[in-house]
There are 2 protein chains.
Amino acid sequence: MTMLEGVTTRPGGRRPGATRTRVDILAAAQRSFAEHGYVLTTIRGVARAAGVDPALVLQFFGSKDGLFDAALRDDPPVRALVTLAGEGDPSDLGPRLAARYLELWEDPHTGPRMLAVVRAATAAPSASAMVTAFMTDEVMLPLARAIGADQAELRAALTGAYLFGVASARYVLGVAPLAALDREAAVTYVAPVVQHHLTGDLTPP
Amino acid sequence: MTMLEGVTTRPGGRRPGATRTRVDILAAAQRSFAEHGYVLTTIRGVARAAGVDPALVLQFFGSKDGLFDAALRDDPPVRALVTLAGEGDPSDLGPRLAARYLELWEDPHTGPRMLAVVRAATAAPSASAMVTAFMTDEVMLPLARAIGADQAELRAALTGAYLFGVASARYVLGVAPLAALDREAAVTYVAPVVQHHLTGDLTPP
DNA sequence: CAAGCATAGTCATCGATGTTGAATTTCTCG
DNA sequence: CGAGAAATTCAACATCGATGACTATGCTTG
(Lines give C-alpha, C1' and ligand atoms only; values in the text may rest on other atoms or scores of the structure.)
Protein backbone atom coordinates (compact mmCIF):
# COMPACT_ATOMS: atom_id res chain seq x y z
CA MET A 1 0.00 0.00 0.00
CA THR A 2 2.49 2.64 1.07
CA MET A 3 5.34 3.42 -1.24
CA LEU A 4 7.82 3.77 1.58
CA GLU A 5 8.74 0.13 1.85
CA GLY A 6 11.65 -0.64 -0.42
CA VAL A 7 12.65 -4.03 -1.70
CA THR A 8 12.60 -5.48 1.82
CA THR A 9 10.71 -8.73 1.60
CA ARG A 10 7.44 -8.72 3.43
CA PRO A 11 7.73 -11.50 6.03
CA GLY A 12 4.47 -13.38 6.27
CA GLY A 13 2.64 -14.92 3.41
CA ARG A 14 2.84 -17.78 0.99
CA ARG A 15 5.67 -17.91 -1.51
CA PRO A 16 4.78 -17.65 -5.18
CA GLY A 17 5.28 -20.56 -7.51
CA ALA A 18 5.41 -24.29 -6.88
CA THR A 19 6.34 -25.44 -3.43
CA ARG A 20 8.45 -28.36 -2.34
CA THR A 21 9.10 -27.09 1.17
CA ARG A 22 7.33 -30.02 2.79
CA VAL A 23 9.64 -32.46 1.09
CA ASP A 24 12.68 -30.41 2.09
CA ILE A 25 11.60 -30.47 5.71
CA LEU A 26 11.11 -34.21 5.63
CA ALA A 27 14.52 -34.75 4.09
CA ALA A 28 16.18 -32.53 6.67
CA ALA A 29 14.32 -34.34 9.43
CA GLN A 30 15.39 -37.75 8.16
CA ARG A 31 19.00 -36.65 8.12
CA SER A 32 18.86 -35.13 11.56
CA PHE A 33 17.01 -37.99 13.22
CA ALA A 34 19.35 -40.52 11.64
CA GLU A 35 22.45 -38.61 12.58
CA HIS A 36 21.63 -37.14 15.98
CA GLY A 37 18.73 -39.22 17.24
CA TYR A 38 15.37 -38.10 18.47
CA VAL A 39 16.31 -36.16 21.57
CA LEU A 40 19.14 -34.18 20.02
CA THR A 41 17.13 -33.39 16.93
CA THR A 42 15.39 -30.07 17.35
CA ILE A 43 12.51 -28.69 15.40
CA ARG A 44 14.37 -25.43 15.15
CA GLY A 45 17.38 -27.22 13.72
CA VAL A 46 15.33 -29.04 11.13
CA ALA A 47 13.65 -25.79 10.20
CA ARG A 48 17.00 -24.06 9.86
CA ALA A 49 18.33 -26.85 7.65
CA ALA A 50 15.25 -26.59 5.47
CA GLY A 51 15.43 -22.80 5.35
CA VAL A 52 12.06 -22.35 6.93
CA ASP A 53 10.39 -21.03 10.05
CA PRO A 54 10.09 -23.56 12.90
CA ALA A 55 6.39 -22.96 13.17
CA LEU A 56 5.92 -24.22 9.65
CA VAL A 57 7.33 -27.59 10.62
CA LEU A 58 4.66 -27.91 13.27
CA GLN A 59 2.02 -26.56 10.94
CA PHE A 60 2.81 -29.46 8.63
CA PHE A 61 3.45 -32.27 11.07
CA GLY A 62 1.67 -31.31 14.24
CA SER A 63 4.37 -32.17 16.73
CA LYS A 64 7.93 -33.40 17.00
CA ASP A 65 6.60 -36.92 17.27
CA GLY A 66 4.48 -36.38 14.18
CA LEU A 67 7.55 -35.21 12.31
CA PHE A 68 9.43 -38.32 13.38
CA ASP A 69 6.56 -40.48 12.28
CA ALA A 70 6.32 -38.86 8.87
CA ALA A 71 10.08 -39.00 8.39
CA LEU A 72 10.72 -42.61 9.38
CA ARG A 73 7.50 -44.59 9.33
CA ASP A 74 7.73 -46.29 6.00
CA ASP A 75 11.04 -48.05 5.46
CA PRO A 76 10.73 -50.20 2.33
CA PRO A 77 13.95 -52.17 2.85
CA VAL A 78 12.77 -53.26 6.28
CA ARG A 79 9.33 -54.15 5.06
CA ALA A 80 10.93 -56.14 2.27
CA LEU A 81 12.14 -58.65 4.83
CA VAL A 82 8.74 -60.25 4.40
CA THR A 83 9.64 -61.44 0.92
CA LEU A 84 12.30 -63.74 2.38
CA ALA A 85 9.58 -66.22 3.22
CA GLY A 86 8.87 -66.95 -0.43
CA GLU A 87 12.48 -67.17 -1.57
CA GLY A 88 13.52 -70.43 -0.03
CA ASP A 89 12.73 -73.26 2.28
CA PRO A 90 11.24 -72.50 5.71
CA SER A 91 13.86 -74.79 7.17
CA ASP A 92 16.60 -72.28 6.48
CA LEU A 93 14.63 -69.10 6.94
CA GLY A 94 16.53 -68.54 10.19
CA PRO A 95 19.91 -68.02 8.55
CA ARG A 96 18.46 -66.01 5.69
CA LEU A 97 16.47 -63.71 7.96
CA ALA A 98 19.34 -63.24 10.39
CA ALA A 99 21.74 -62.41 7.59
CA ARG A 100 19.44 -60.00 5.83
CA TYR A 101 18.44 -58.31 9.09
CA LEU A 102 22.02 -57.66 10.15
CA GLU A 103 22.83 -56.48 6.64
CA LEU A 104 20.09 -53.90 6.90
CA TRP A 105 21.55 -52.63 10.15
CA GLU A 106 24.93 -52.22 8.54
CA ASP A 107 23.66 -50.68 5.34
CA PRO A 108 24.69 -47.03 5.24
CA HIS A 109 21.23 -45.97 4.12
CA THR A 110 18.95 -48.14 6.21
CA GLY A 111 21.10 -48.65 9.29
CA PRO A 112 21.02 -45.09 10.60
CA ARG A 113 17.26 -44.98 10.21
CA MET A 114 16.77 -48.20 12.13
CA LEU A 115 19.12 -46.85 14.74
CA ALA A 116 17.05 -43.70 15.01
CA VAL A 117 13.84 -45.67 15.44
CA VAL A 118 15.22 -48.01 18.08
CA ARG A 119 16.93 -45.22 19.99
CA ALA A 120 13.71 -43.24 19.99
CA ALA A 121 11.54 -46.21 20.88
CA THR A 122 11.29 -45.15 24.49
CA ALA A 123 11.01 -41.43 23.91
CA ALA A 124 8.69 -41.05 20.93
CA PRO A 125 5.35 -42.85 20.88
CA SER A 126 5.47 -43.19 17.12
CA ALA A 127 8.86 -44.88 17.28
CA SER A 128 7.54 -47.29 19.88
CA ALA A 129 4.65 -48.06 17.56
CA MET A 130 7.03 -48.72 14.69
CA VAL A 131 9.05 -51.25 16.68
CA THR A 132 5.89 -52.94 17.87
CA ALA A 133 4.59 -53.06 14.32
CA PHE A 134 7.83 -54.65 13.21
CA MET A 135 7.41 -57.43 15.75
CA THR A 136 3.79 -58.01 14.78
CA ASP A 137 1.64 -57.00 11.84
CA GLU A 138 4.18 -55.41 9.61
CA VAL A 139 7.08 -57.80 9.27
CA MET A 140 7.41 -60.70 11.65
CA LEU A 141 3.81 -61.84 11.67
CA PRO A 142 3.45 -61.93 7.87
CA LEU A 143 6.71 -63.82 7.79
CA ALA A 144 5.55 -66.40 10.32
CA ARG A 145 2.23 -66.73 8.55
CA ALA A 146 3.89 -67.16 5.15
CA ILE A 147 5.69 -70.28 6.28
CA GLY A 148 2.51 -71.65 7.81
CA ALA A 149 3.78 -71.68 11.34
CA ASP A 150 1.52 -72.59 14.23
CA GLN A 151 1.16 -69.97 16.98
CA ALA A 152 2.23 -67.43 14.40
CA GLU A 153 1.61 -64.41 16.65
CA LEU A 154 3.72 -65.80 19.45
CA ARG A 155 6.53 -66.96 17.17
CA ALA A 156 6.55 -63.60 15.44
CA ALA A 157 6.75 -61.66 18.69
CA LEU A 158 9.47 -63.90 20.13
CA THR A 159 11.56 -63.66 16.98
CA GLY A 160 11.09 -59.92 16.81
CA ALA A 161 12.01 -59.49 20.45
CA TYR A 162 15.15 -61.54 19.95
CA LEU A 163 16.25 -59.59 16.90
CA PHE A 164 15.50 -56.37 18.71
CA GLY A 165 17.63 -57.47 21.64
CA VAL A 166 20.55 -58.48 19.46
CA ALA A 167 20.44 -55.26 17.47
CA SER A 168 20.15 -53.16 20.62
CA ALA A 169 23.18 -54.83 22.14
CA ARG A 170 25.29 -54.89 19.00
CA TYR A 171 24.41 -51.61 17.29
CA VAL A 172 22.82 -49.34 19.88
CA LEU A 173 24.65 -50.14 23.09
CA GLY A 174 27.76 -51.49 21.45
CA VAL A 175 28.19 -54.33 23.91
CA ALA A 176 31.73 -55.43 23.24
CA PRO A 177 31.46 -59.21 22.69
CA LEU A 178 28.65 -58.73 20.19
CA ALA A 179 29.83 -55.52 18.57
CA ALA A 180 33.27 -57.00 17.92
CA LEU A 181 31.95 -59.92 15.88
CA ASP A 182 32.08 -59.60 12.14
CA ARG A 183 28.72 -59.95 10.53
CA GLU A 184 29.27 -63.46 9.27
CA ALA A 185 30.07 -64.73 12.74
CA ALA A 186 27.13 -62.88 14.23
CA VAL A 187 24.82 -64.52 11.72
CA THR A 188 26.21 -67.89 12.71
CA TYR A 189 25.21 -67.37 16.32
CA VAL A 190 21.91 -65.61 15.72
CA ALA A 191 20.50 -67.79 12.96
CA PRO A 192 19.84 -70.97 14.99
CA VAL A 193 17.85 -69.07 17.59
CA VAL A 194 15.79 -67.33 14.92
CA GLN A 195 15.14 -70.67 13.29
CA HIS A 196 14.10 -72.15 16.63
CA HIS A 197 11.62 -69.35 17.25
CA LEU A 198 10.14 -69.67 13.77
CA THR A 199 9.90 -73.41 13.23
CA GLY A 200 11.27 -75.19 16.29
CA ASP A 201 9.53 -76.76 19.27
CA LEU A 202 8.84 -73.72 21.44
CA THR A 203 8.63 -75.81 24.61
CA PRO A 204 11.13 -78.65 24.40
CA PRO A 205 11.36 -81.07 27.34
CA MET B 1 21.36 -6.08 60.62
CA THR B 2 18.30 -3.92 60.28
CA MET B 3 15.43 -4.43 62.70
CA LEU B 4 12.84 -3.97 60.02
CA GLU B 5 12.81 -7.55 58.78
CA GLY B 6 10.26 -9.59 60.64
CA VAL B 7 10.12 -13.34 60.98
CA THR B 8 10.56 -13.80 57.25
CA THR B 9 13.19 -16.52 56.76
CA ARG B 10 16.41 -15.41 55.21
CA PRO B 11 16.71 -17.29 51.90
CA GLY B 12 20.23 -18.45 51.20
CA GLY B 13 22.49 -20.30 53.57
CA ARG B 14 22.99 -23.66 55.14
CA ARG B 15 20.31 -25.04 57.45
CA PRO B 16 21.19 -25.61 61.08
CA GLY B 17 21.36 -29.11 62.48
CA ALA B 18 22.00 -32.45 60.88
CA THR B 19 21.26 -32.77 57.17
CA ARG B 20 19.64 -35.62 55.34
CA THR B 21 18.65 -33.60 52.33
CA ARG B 22 20.82 -35.59 49.99
CA VAL B 23 19.03 -38.78 50.92
CA ASP B 24 15.66 -37.12 50.51
CA ILE B 25 16.56 -35.97 47.02
CA LEU B 26 17.73 -39.43 46.08
CA ALA B 27 14.52 -40.99 47.35
CA ALA B 28 12.38 -38.49 45.48
CA ALA B 29 14.42 -39.10 42.34
CA GLN B 30 14.01 -42.87 42.60
CA ARG B 31 10.26 -42.49 42.92
CA SER B 32 10.00 -40.08 40.03
CA PHE B 33 12.27 -41.99 37.66
CA ALA B 34 10.46 -45.23 38.44
CA GLU B 35 7.02 -43.72 38.03
CA HIS B 36 7.46 -41.27 35.17
CA GLY B 37 10.65 -42.36 33.43
CA TYR B 38 13.72 -40.34 32.58
CA VAL B 39 12.32 -37.80 30.16
CA LEU B 40 9.24 -36.89 32.14
CA THR B 41 11.18 -36.65 35.36
CA THR B 42 12.29 -33.09 35.90
CA ILE B 43 14.96 -31.78 38.20
CA ARG B 44 12.55 -29.11 39.32
CA GLY B 45 9.96 -31.73 40.15
CA VAL B 46 12.39 -33.82 42.15
CA ALA B 47 13.51 -30.70 43.98
CA ARG B 48 9.91 -29.76 44.75
CA ALA B 49 9.19 -33.26 46.07
CA ALA B 50 12.25 -33.07 48.28
CA GLY B 51 11.41 -29.55 49.44
CA VAL B 52 14.59 -28.09 48.07
CA ASP B 53 15.86 -25.69 45.47
CA PRO B 54 16.53 -27.21 42.02
CA ALA B 55 20.07 -25.91 42.02
CA LEU B 56 20.86 -27.99 45.08
CA VAL B 57 20.05 -31.16 43.19
CA LEU B 58 22.65 -30.26 40.61
CA GLN B 59 25.13 -29.17 43.25
CA PHE B 60 24.91 -32.67 44.68
CA PHE B 61 24.68 -34.77 41.54
CA GLY B 62 26.15 -32.64 38.80
CA SER B 63 23.58 -33.26 36.12
CA LYS B 64 20.29 -34.98 35.45
CA ASP B 65 22.20 -37.98 34.22
CA GLY B 66 24.29 -37.97 37.38
CA LEU B 67 21.13 -37.93 39.44
CA PHE B 68 19.78 -40.89 37.50
CA ASP B 69 23.02 -42.75 38.00
CA ALA B 70 23.08 -42.13 41.73
CA ALA B 71 19.42 -43.05 42.08
CA LEU B 72 19.38 -46.29 40.12
CA ARG B 73 22.87 -47.63 39.68
CA ASP B 74 23.01 -50.19 42.42
CA ASP B 75 20.07 -52.57 42.36
CA PRO B 76 20.82 -55.43 44.77
CA PRO B 77 17.97 -57.71 43.64
CA VAL B 78 19.23 -57.57 40.07
CA ARG B 79 22.81 -58.16 41.07
CA ALA B 80 21.64 -61.10 43.16
CA LEU B 81 20.82 -62.97 39.95
CA VAL B 82 24.45 -64.01 40.00
CA THR B 83 23.86 -66.26 42.99
CA LEU B 84 21.61 -68.48 40.88
CA ALA B 85 24.69 -70.12 39.43
CA GLY B 86 25.60 -71.69 42.74
CA GLU B 87 22.13 -72.84 43.70
CA GLY B 88 21.63 -75.72 41.30
CA ASP B 89 22.85 -77.55 38.28
CA PRO B 90 24.07 -75.63 35.25
CA SER B 91 21.86 -77.84 33.14
CA ASP B 92 18.72 -76.14 34.44
CA LEU B 93 20.11 -72.67 34.95
CA GLY B 94 18.09 -71.55 31.94
CA PRO B 95 14.70 -72.12 33.57
CA ARG B 96 15.84 -70.75 36.91
CA LEU B 97 17.34 -67.63 35.44
CA ALA B 98 14.40 -66.99 33.17
CA ALA B 99 11.95 -67.40 36.03
CA ARG B 100 13.83 -65.21 38.44
CA TYR B 101 14.44 -62.54 35.81
CA LEU B 102 10.79 -62.25 34.91
CA GLU B 103 9.86 -62.25 38.58
CA LEU B 104 12.12 -59.27 39.11
CA TRP B 105 10.37 -57.42 36.31
CA GLU B 106 7.01 -58.08 37.90
CA ASP B 107 8.09 -57.31 41.42
CA PRO B 108 6.45 -54.05 42.52
CA HIS B 109 9.70 -52.77 43.98
CA THR B 110 12.27 -53.84 41.43
CA GLY B 111 10.15 -53.83 38.27
CA PRO B 112 9.59 -50.09 38.01
CA ARG B 113 13.27 -49.42 38.52
CA MET B 114 14.26 -51.85 35.78
CA LEU B 115 11.65 -50.24 33.59
CA ALA B 116 13.14 -46.84 34.26
CA VAL B 117 16.63 -48.02 33.38
CA VAL B 118 15.60 -49.72 30.16
CA ARG B 119 13.39 -46.85 29.07
CA ALA B 120 16.22 -44.41 29.68
CA ALA B 121 18.83 -46.60 28.03
CA THR B 122 18.78 -44.57 24.86
CA ALA B 123 18.45 -41.15 26.47
CA ALA B 124 20.72 -41.23 29.49
CA PRO B 125 24.33 -42.35 29.13
CA SER B 126 24.37 -43.73 32.64
CA ALA B 127 21.34 -45.90 31.93
CA SER B 128 22.97 -47.20 28.81
CA ALA B 129 26.03 -48.07 30.88
CA MET B 130 23.86 -49.92 33.39
CA VAL B 131 22.28 -52.10 30.75
CA THR B 132 25.65 -52.82 29.20
CA ALA B 133 27.04 -53.69 32.61
CA PHE B 134 24.15 -56.08 33.13
CA MET B 135 24.99 -57.91 29.93
CA THR B 136 28.67 -58.11 30.79
CA ASP B 137 30.70 -57.60 33.94
CA GLU B 138 27.98 -57.15 36.47
CA VAL B 139 25.53 -60.01 36.05
CA MET B 140 25.66 -62.15 32.96
CA LEU B 141 29.40 -62.59 32.69
CA PRO B 142 29.87 -63.69 36.32
CA LEU B 143 26.98 -66.06 35.79
CA ALA B 144 28.50 -67.58 32.68
CA ARG B 145 31.87 -67.82 34.37
CA ALA B 146 30.40 -69.46 37.45
CA ILE B 147 29.16 -72.42 35.45
CA GLY B 148 32.48 -72.73 33.69
CA ALA B 149 31.12 -71.97 30.25
CA ASP B 150 33.44 -71.61 27.29
CA GLN B 151 33.27 -68.32 25.39
CA ALA B 152 31.85 -66.81 28.55
CA GLU B 153 31.86 -63.24 27.26
CA LEU B 154 29.98 -64.13 24.12
CA ARG B 155 27.46 -66.34 25.91
CA ALA B 156 26.91 -63.66 28.52
CA ALA B 157 26.28 -60.96 25.95
CA LEU B 158 23.97 -63.14 23.87
CA THR B 159 21.94 -64.17 26.90
CA GLY B 160 21.75 -60.60 28.15
CA ALA B 161 20.69 -59.34 24.74
CA TYR B 162 17.98 -61.96 24.55
CA LEU B 163 16.63 -61.18 28.02
CA PHE B 164 16.75 -57.49 27.19
CA GLY B 165 14.76 -58.07 24.03
CA VAL B 166 12.14 -60.15 25.76
CA ALA B 167 11.73 -57.65 28.58
CA SER B 168 11.57 -54.74 26.15
CA ALA B 169 8.83 -56.41 24.16
CA ARG B 170 6.84 -57.71 27.10
CA TYR B 171 7.19 -54.94 29.67
CA VAL B 172 8.31 -51.80 27.88
CA LEU B 173 6.56 -51.97 24.52
CA GLY B 174 3.75 -54.26 25.64
CA VAL B 175 3.77 -56.31 22.44
CA ALA B 176 0.50 -58.17 22.71
CA PRO B 177 1.43 -61.83 22.18
CA LEU B 178 4.17 -61.59 24.78
CA ALA B 179 2.50 -59.23 27.22
CA ALA B 180 -0.61 -61.40 27.34
CA LEU B 181 1.26 -64.50 28.50
CA ASP B 182 1.16 -65.28 32.19
CA ARG B 183 4.56 -65.48 33.73
CA GLU B 184 4.67 -69.24 33.91
CA ALA B 185 4.00 -69.60 30.21
CA ALA B 186 6.54 -66.91 29.38
CA VAL B 187 9.16 -68.75 31.37
CA THR B 188 8.36 -71.91 29.45
CA TYR B 189 9.15 -70.23 26.15
CA VAL B 190 12.11 -68.18 27.31
CA ALA B 191 13.95 -70.74 29.38
CA PRO B 192 15.12 -73.06 26.55
CA VAL B 193 16.67 -70.20 24.65
CA VAL B 194 18.46 -68.95 27.74
CA GLN B 195 19.74 -72.44 28.37
CA HIS B 196 20.93 -72.72 24.79
CA HIS B 197 22.87 -69.48 25.04
CA LEU B 198 24.47 -70.50 28.32
CA THR B 199 25.36 -74.14 27.79
CA GLY B 200 24.24 -75.20 24.31
CA ASP B 201 26.14 -75.53 21.07
CA LEU B 202 26.25 -71.94 19.85
CA THR B 203 26.74 -72.98 16.23
CA PRO B 204 24.76 -76.15 15.56
CA PRO B 205 24.92 -77.63 12.03
C1' DC C 1 -13.23 -13.56 -13.87
C1' DA C 2 -14.19 -12.62 -9.04
C1' DA C 3 -15.14 -14.52 -4.35
C1' DG C 4 -13.81 -17.41 -0.91
C1' DC C 5 -11.57 -21.01 1.32
C1' DA C 6 -7.54 -23.91 1.95
C1' DT C 7 -2.63 -23.80 1.96
C1' DA C 8 2.00 -21.88 2.93
C1' DG C 9 4.51 -18.96 5.52
C1' DT C 10 6.35 -15.63 9.36
C1' DC C 11 6.50 -13.57 13.89
C1' DA C 12 6.08 -12.91 18.66
C1' DT C 13 5.33 -15.20 22.63
C1' DC C 14 4.49 -18.72 26.37
C1' DG C 15 5.78 -21.94 29.84
C1' DA C 16 9.08 -25.39 30.94
C1' DT C 17 13.61 -27.34 31.09
C1' DG C 18 18.76 -28.15 32.36
C1' DT C 19 22.39 -25.61 33.92
C1' DT C 20 25.42 -21.82 35.91
C1' DG C 21 27.17 -18.17 39.07
C1' DA C 22 26.94 -15.39 42.82
C1' DA C 23 25.54 -14.77 47.50
C1' DT C 24 24.55 -16.37 52.23
C1' DT C 25 24.53 -19.24 56.10
C1' DT C 26 26.16 -23.06 58.91
C1' DC C 27 29.41 -26.67 60.06
C1' DT C 28 34.08 -28.48 60.93
C1' DC C 29 38.68 -28.46 62.02
C1' DG C 30 43.12 -26.45 63.30
C1' DC D 1 38.31 -18.22 67.50
C1' DG D 2 39.07 -18.14 62.59
C1' DA D 3 39.26 -20.11 57.94
C1' DG D 4 37.80 -23.00 54.65
C1' DA D 5 34.40 -26.42 53.25
C1' DA D 6 29.69 -27.65 52.72
C1' DA D 7 24.80 -26.62 52.18
C1' DT D 8 21.41 -23.76 50.52
C1' DT D 9 18.86 -20.21 47.91
C1' DC D 10 17.97 -16.89 44.13
C1' DA D 11 18.29 -14.97 39.75
C1' DA D 12 19.39 -15.60 35.28
C1' DC D 13 20.50 -17.91 30.60
C1' DA D 14 19.88 -20.29 26.52
C1' DT D 15 16.91 -23.66 24.41
C1' DC D 16 13.17 -26.16 23.54
C1' DG D 17 8.32 -27.54 21.89
C1' DA D 18 4.14 -25.46 21.11
C1' DT D 19 0.36 -21.80 20.18
C1' DG D 20 -2.07 -17.96 18.09
C1' DA D 21 -2.38 -14.12 15.29
C1' DC D 22 -1.42 -12.52 11.01
C1' DT D 23 -0.35 -12.28 5.88
C1' DA D 24 0.17 -13.75 1.25
C1' DT D 25 -0.55 -17.13 -2.48
C1' DG D 26 -3.09 -20.94 -4.91
C1' DC D 27 -7.27 -23.45 -6.12
C1' DT D 28 -12.18 -24.07 -6.69
C1' DT D 29 -16.51 -22.78 -7.61
C1' DG D 30 -20.21 -19.68 -9.10
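Just so it is clear, the model here is predicted, and its values are computed rather than measured. We name chains A, B, ... by the order of the sequence lines, and we start the count at 1 in each one.
- The closest side-chain heavy-atom distance from A:Val46 to A:Phe33 is not below 4.5 Å.
- For the pair B:Tyr38 and B:Lys64, the minimum side-chain heavy-atom distance is below 4.5 Å.
- Distances shorter than 4.0 Å separate none of the side-chain N or O atoms of B:Thr19 from OP1 or OP2 on D:dA6.
- B:Thr188 and A:Thr203 are not linked by any side-chain donor-acceptor pair at a separation below 3.5 angstrom, with hydrogens and angles left out of the test.
- For the pair B:Asp53 CG and C:dA22 C1', the computed distance is 13 Å after rounding to whole Å.
- The side chain of B:Arg44 approaches C:dT19 more closely than any other nucleotide in the set D:dA18, C:dT19, D:dT9.
- No engagement by A:Arg22 is indicated, since no non-hydrogen atom pair under 4.0 Å with the nucleic acid exists.
- Rounded to an integer number of Å, the gap from CD1 of B:Ile43 to P of D:dC13 is 20 Å.
- Of the two residues contacting DNA chain D, namely A:Ala55 and A:Arg48, the nearest-nucleotide position lying further toward the 5' end is that of A:Arg48.
- In this structure, the side chains of A:Met140 and A:Leu158 stay at 4.5 Å or more apart for every pair of heavy atoms.
- Contact check, A:Thr21 against C:dG9: a side-chain N or O comes under 4.0 Å of OP1 or OP2.
- Distances from the side chain of B:Gln59 to the nucleotides C:dG18, C:dA8, D:dA7 place D:dA7 closest.
- Summarising the geometry, the separation between CZ on A:Phe61 and P on C:dA8 is reported as 10 Å, rounded to the nearest angstrom.
- Using a 4.0 Å heavy-atom distance criterion, B:Leu58 is classed as a base contact.
- Considering only side-chain N and O atoms, B:Thr42 lies nowhere under 4.0 angstrom from the phosphate OP1 or OP2 of C:dA16.
- At a threshold of 4.0 angstrom between heavy atoms, the contacts of B:Leu56 include nucleobase atoms, whether or not backbone atoms are also involved.
- The aromatic rings of B:Trp105 and B:Tyr171 sit parallel to each other, their planes meeting at less than 30°, with 60° as the upper class boundary.
- Nucleotide D:dT15 holds its C1' atom 11 Å from the NZ atom of A:Lys64, rounded to whole Å.
- At whole-Å resolution of the value, CG in B:Leu40 and P in C:dT17 are 10 Å apart.
- Between B:Gly51 and A:Gly62, the residue whose closest nucleotide on DNA chain D is further toward the 5' end is B:Gly51.
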